[in-house]
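Order of appearance sets the numbers: ligands from 1, and atoms from 1 within every ligand.
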Amino acid sequence: MQKLFVEGGTRLKGTVKIGGAKNSAVALLPATILADSEVIIEGLPDISDVVILSELLEEIGGTAKRDQGTVHIDPTKMTSMPLPNGKVKKLRASYYFMGAMLGRFKRAVIGLPGGCHIGPRPIDQHIKGFEALGAEVTNEQGAIYLRAEELTGARIYLDVVSVGATINIMLAAVRAKGKTVIENAAREPEIIDVATLLTSMGAKIKGAGTDVIRIEGVETLSGCTHTIIPDRIEAGTYTIMAAAQGDDVLIDNVIPQHLEPLLAKLREMGVDIEEGEEHLRVRRSDETTAVDIKTLVHPGFPTDLQQPFTTLLTKAEGTSIVTDTIYTARFKHIDELRRMNAEIKVEGSSAIVYGPSQLQGARVCASDLRAGAALIIAGLIADGITEITGIEHIERGYEQITDKLTNLGAKIWKEEMTEEEMAQIQN
Ligand code: EPZ
């Protein structure tokens, strides 16, 4: 196991290239189960979630050959092999194996998904969708069993706007008999990306990206080549880093429209941002003012940028209120920021940030992916050295983050943990 060190104070300068979207990748890979010939996905990010999902595709009998960002998946020999334990438990997105395997084999056994510890993450809406399509769903000793004689299109109204449920129902419905309508669907760009892949495979989907998605089931889906969209959360994280500590940073391979709520808030704070067609250019400002943010479903401010943004607010003049309406307890980073001298109070689903405070390097722990990003940003702006454990969470979602930041001039490096330190963490 390794830990990460960041020496604060260095200004960032140069270009950073954004990789493929993690939250698309984790759905696109399971979606390939639905095809009956080779699917090629290009531009996948170099992160551990992609490795684990590729291995899972092989566990059920497929082949997944990775060559840098391109994966060739041959789904022809896949079977409905039960996946109750092991790798599926490591990441939340393994729940997409439910929809995809149900869609192809009409049966699946999948362990209850793991993933980041950011509060309760129920999957009742996924199950409601599968049942509406005709599946019987049972929970037996921590594994979900899905069985259907036949899947038949249905009208499904989501009680909660859910990215995962919207994608999972699409996966199960594309090969169902007849028409499915998903109402109150989530509208995230990743949903459009998955619908684009499925459409290239031969699925009939209309309305992805709006809150009503219409699917006309087809009997078979075939292979294709698909290029993933850029990761808006990785791009947003580097944009926040540049706003905090950038002299002049060019963030390349971005769809700026995907980041509008973030860019609007940064401009409101006084950060200088130039938008190109596929890039952003960001320069920090010495004086930024406090702003309030409230996370909402897309196209609102994304919950996945709430934690990194909170760190930035510690530098701003005045009091900011950060409210997370999606994951109301996504505040595990706050205690760590406090250790670094931030003045922040959590009240219900809000964090109140009293700025500005000069952060000080400290030993901190990344409890989840975006908390980890928040702590790296804190390390970049702090006085002295920040030591971050729990970096396996960060590597689940940010490709080559130490290399990318080093290229921008940051002083950041990894070291092996001693046995004593590892024992302390495990206790
Ligand atoms: C996706 O999670 C992302 N993960 C999350 O990113 C992201 O935070 C989240 O969407 C919101 O944007 C992946 O795409 C793999 P939801 P997901 O279903 O799909 C409630 C990151 O850091 N809900 O849209 O699991 C749920 O509790 C990760 O990259 C139900 O009540 O999120 C939450 O409050 C973390 N019942 C809200 O809906 C359900 O059946 C939105 O969750 C499903 C969800």
Side-chain angles (χ1 to χ4, degrees), residues 19-31 45 47-50 52-53 88 90-99 112-132 137 139 144 156-171 182 184-194 211 228-229 231-237 258 261-262 294-309 323-333 349 366-374 393-399:
K22 167 198 163 251
N23 287 343
S24 269
V26 297
L28 296 173
L29 287 167
I47 53 173
S48 56
D49 273 13
V50 165
I52 295 173
L53 288 170
V88 286
K90 285 198 178 166
L91 74 170
R92 177 146 183 95
S94 50
Y95 57 34
Y96 291 131
F97 276 70
M98 295 181 192
L112 269 176
C116 280
H117 302 294
I118 53 177
R121 299 178 77 183
I123 56 165
D124 55 301
Q125 298 302 305
H126 304 230
I127 292 169
K128 172 179 167 175
F130 298 145
E131 287 176 339
V137 185
N139 181 346
I144 303 285
I156 301 157
Y157 178 86
L158 295 180
D159 302 317
V160 182
V161 181
S162 157
V163 177
T166 303
I167 292 178
N168 234 342
I169 296 168
M170 275 198 320
L171 294 175
I182 310 173
N184 203 25
R187 290 178 285 164
E188 269 68 1
E190 293 75 19
I191 291 165
I192 303 176
D193 204 21
V194 177
D211 59 1
I228 194 168
I229 56 168
D231 195 314
R232 64 196 167 98
I233 306 301
E234 188 196 13
T237 303
H258 288 174
L262 171 70
K294 190 185 259 186
T295 70
L296 295 166
V297 294
H298 191 77
F301 194 98
T303 170
D304 294 342
L305 289 175
Q306 175 264 108
Q307 291 158 296
F309 199 82
T323 306
D324 201 319
T325 72
I326 309 292
Y327 291 112
T328 52
R330 201 174 192 175
F331 290 119
K332 288 218 173 98
H333 57 306
S349 58
S367 55
D368 60 82
L369 170 61
R370 309 302 171 190
H393 295 297
I394 303 174
E395 288 174 345
R396 282 192 42 209
Y398 289 97
E399 65 172 15

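Expressed to the nearest 0.5 Å, how far CD of Q307 lies from CG of L305 amounts to 9.5 Å.
For ligand 1, the polar-atom distance check against G164 finds a nitrogen or oxygen pair separated by under 3.5 Å. Between V163 and ligand 1, a contact under 3.5 Å exists for at least one N or O pair. Considering backbone and side-chain atoms alike, Q125 places an N or O below 3.5 Å from some N or O of ligand 1. The shortest N or O to N or O distance between I326 and ligand 1 is under 3.5 Å.
Electrostatic pairing of D368 and R396 does not count as a salt bridge here, judged by no charged N lying under 4.0 Å from a carboxylate O.
The two residues P308 and A373 have their closest heavy-atom pair at CG-CB, 4.1 Å. Residue I233 comes nearest to P302 through the heavy atom pair CD1-CB, 4.1 Å, listed as atom of the first residue, atom of the second, then distance.
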In sequence, state the C-alpha distance, the side-chain angles, and the governing distance for K22 and E399, and then conclude on salt bridge (Lys or Arg N to Asp or Glu O under 4.0 Å). CA-CA 9 Å; K22 167 198 163 251; E399 65 172 15; over 6 Å; no
Could you go through the side chain to side chain donor-acceptor pair (under 3.5 Å) check for Q306 and D324 one step at a time? CA-CA 7 Å; Q306 175 264 108; D324 201 319; 2.9 Å; yes
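Which parts of ligand 1 touch H126 is read off a 4.0 Å heavy-atom cut-off, strictly below it: atoms 40 (O). Per-residue contacts place V26 under 4.0 angstrom from the following atoms of ligand 1 (heavy atoms of the residue considered): 15 (C). Atoms of ligand 1 lying under 4.0 Å from any heavy atom of I123, numbered from 1 in the order shown and given with element: 39 (C), 40 (O).
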Pairs under 3.5 angstrom only: tabulate donor-acceptor contacts from the side chains of residues 122-132 to other protein residues two or more places apart or in another chain.
{"residue": "Q125", "atom": "OE1", "partner": "D159", "partner atom": "N", "Å": "2.9"}
{"residue": "Q125", "atom": "NE2", "partner": "D159", "partner atom": "OD2", "Å": "3.4"}
{"residue": "H126", "atom": "ND1", "partner": "N168", "partner atom": "ND2", "Å": "3.0"}
{"residue": "H126", "atom": "NE2", "partner": "A165", "partner atom": "N", "Å": "3.3"}
{"residue": "K128", "atom": "NZ", "partner": "Y157", "partner atom": "O", "Å": "2.6"}
{"residue": "K128", "atom": "NZ", "partner": "D159", "partner atom": "OD1", "Å": "3.2"}
{"residue": "K128", "atom": "NZ", "partner": "D159", "partner atom": "OD2", "Å": "3.1"}

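Looking at E190 against ligand 1, nothing comes within 4.0 Å, counting heavy atoms. Counting heavy atoms under 4.0 Å from ligand 1, residue R92 touches it through the side chain alone.
Among residues two or more places apart in sequence or in another chain, the side chain to side chain donor-acceptor pair (under 3.5 Å) test is passed with Y398 by T237, R370.
For T303, the closest heavy-atom approach to ligand 1 falls below 4.0 Å. A heavy-atom separation below 4.0 Å is found between R330 and ligand 1.
For atom 39 (C) of ligand 1, the nearest non-hydrogen atom from the set G372, A186, P122, A329 belongs to P122.
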